[in-house]
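All remarks here apply to the structure that follows.
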Amino acid sequence: MSDIKIKITDREGVLHEVDAPTDMNMNLMEVVRSYELAPEGTIGICGGMAMCASCQCYVQSDHELPEKSDDEEAMLSEAFFVKENSRLGCQIHITEELDGLEIELAPEEP
Amino acid sequence: MIKTDILIIGAGPTGLFAVFEAGLLQLRCHLIDALPQPGGQCAEIYPKKPIYDIPGFPEILAGELVDNLMEQIKPFQPGFTLGERAETVEKLEDGTFIVTTNKGTEHQAPVVAIAGGLGSFEPRKPMIPNLKQFEDKGVAYMIKEPEMYRNKRVLIAGGGDSALDWAIFLADVASEVTLVHRRNEFRGALDSVEKVQELKNLGKVNLITPAEVVGLEGNKYLEAVTVRKNSKASEDLRIEVDAFIPLFGLSPKLGPIADWGLEIEKNAIKVDNSLDYQTNIPGIYAIGDVNTYPGKLKLILCGFHEATLMCQSAYQRIHPDKKYVMKYTTVGGVTGFDGSKKEAPKAVVKAID
């Protein structure tokens, strides 16, 4: 199992290409936190339980992602700034199939 | 004026456990929390989620952990100011602090311990351009007095339990209830969803999905809202209402504490972790998820540890002339302020001839 590359555009519009490990049971929200691409306290507030939308991101590449669970669907239905390609970063686990994934962090909620 | 030894801001697990540790030192505590019940995130966000990293509990529901903590601190009779947010702090000449809430409740203590977790939970507000203009003039983010809506036209937005519960309740109070949700599916309790369906069939709740409120209009008070269906402006509905209640859950914010002159880093309060988790203001401590220091881990068990050390330091601050001696509960037992005493049974030793 090796690291994969992910392109993440932060909330300031800055693009970061980061290495994400596939052997640490991490999700996308945790990758963003580990690289401090969003201020602490503004992302992953619920800890990754799809109970807040602080890790919402827009998926820009055409990778095949896991289907949204009911919890994720429900949370996105109440979130702000939601687009067609919105996902919760905490629900996307880092696997080798996601190599080259490109995402943009949604704005912080008002 | 409420007076206590340690005033704890935040009634999450860390704040609650601080009551126990303070109680062992015979210090009394009072807790302030913006939420209407103790437990913080554990009670508000994920009471039914299991936690697996509490020592001694292979698995425990967050809500159960809170219940256990409440049971554990019962002998120390903590006071609570719930549903109010700590707003201001003032240091008096005698070194004590006065903390006043948003509702004007005053508390005085020689030690303040901020155990505010992620901050105070505030309503998530939808992005409608002139929303603020109508706050308290027809727009409310929580229902405090349902009677206010008697014979009024009410529009609720949201798809969770709060939105469903209030739509059901107000169906018998308001003259008109409209429920607007972005999806056809609701994520509330099944019986609540079924009840709303029944009320819709009876014509007592006007259900509009998938749709969202995109505009508000009125002069001094709210008079109507614009509801957009399926993101198509051509299908906008203008609905005359007296009240608009968006119920999109709660979001934590550091809130007024951020203006108390405390050193803040990364949305958290900097503390001296080499000693006692004191902030840059002597006498004010920060424990649990609300603080930061090199190597900080936001875990409940770390908050428990920080609460314990904070209480030792608070004891020395309150009793500078007394020597603190650490005691084990296995030896000294637990003596509550309510007169209760828990201690290990004494072994019966018989003489051997």
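The structure presented is a predicted model; accordingly, all values stated were derived computationally and were not measured. So that the names make sense, note that chain A is the first sequence line, chain B the second, and so on, each numbered from 1.
- Using the six-membered ring where Trp is involved, B:Phe248 and A:Phe80 have ring planes that are perpendicular, over 60° apart on the 30 and 60° scheme.
- Each of B:Asn273, B:Asn291, B:Thr14 was checked for a side chain to side chain donor-acceptor pair (under 3.5 Å) with B:Glu306, and the lone residue meeting it is B:Asn291.
- Against chain B, the residues from residues 81-94 of chain A that qualify, each with a non-hydrogen atom under 4.5 angstrom away, are A:Phe81, A:Val82 in number order.
- Aromatic ring centres of B:Phe186 and B:His181: separated by under 6.0 Å.
- The most heavy-atom pairs under 4.5 Å with chain B, out of A:Ala79, A:Pro39, A:Ser54, come from A:Ala79.
- Minimum interatomic distance between B:Ile300 and B:Pro13 (heavy atoms only, all atoms of both residues): CG2-CB, 4.0 Å.
- Residues B:Leu262 and B:Ile257 are in side-chain contact: their nearest non-hydrogen atoms beyond the backbone lie under 4.5 Å apart.
- Between the side chains of B:Asp236 and B:Thr226, no donor-acceptor pair is found at a separation under 3.5 Å.
- Using a 4.5 Å cut-off between heavy atoms, B:Pro210 does not touch chain A at all.
- Both the backbone and the side chain of A:Glu73 have a heavy atom closer than 4.5 Å to some heavy atom of chain B.
- Between B:Tyr46 and B:Gln41, some side-chain heavy-atom pair lies under the 4.5 Å cut-off.
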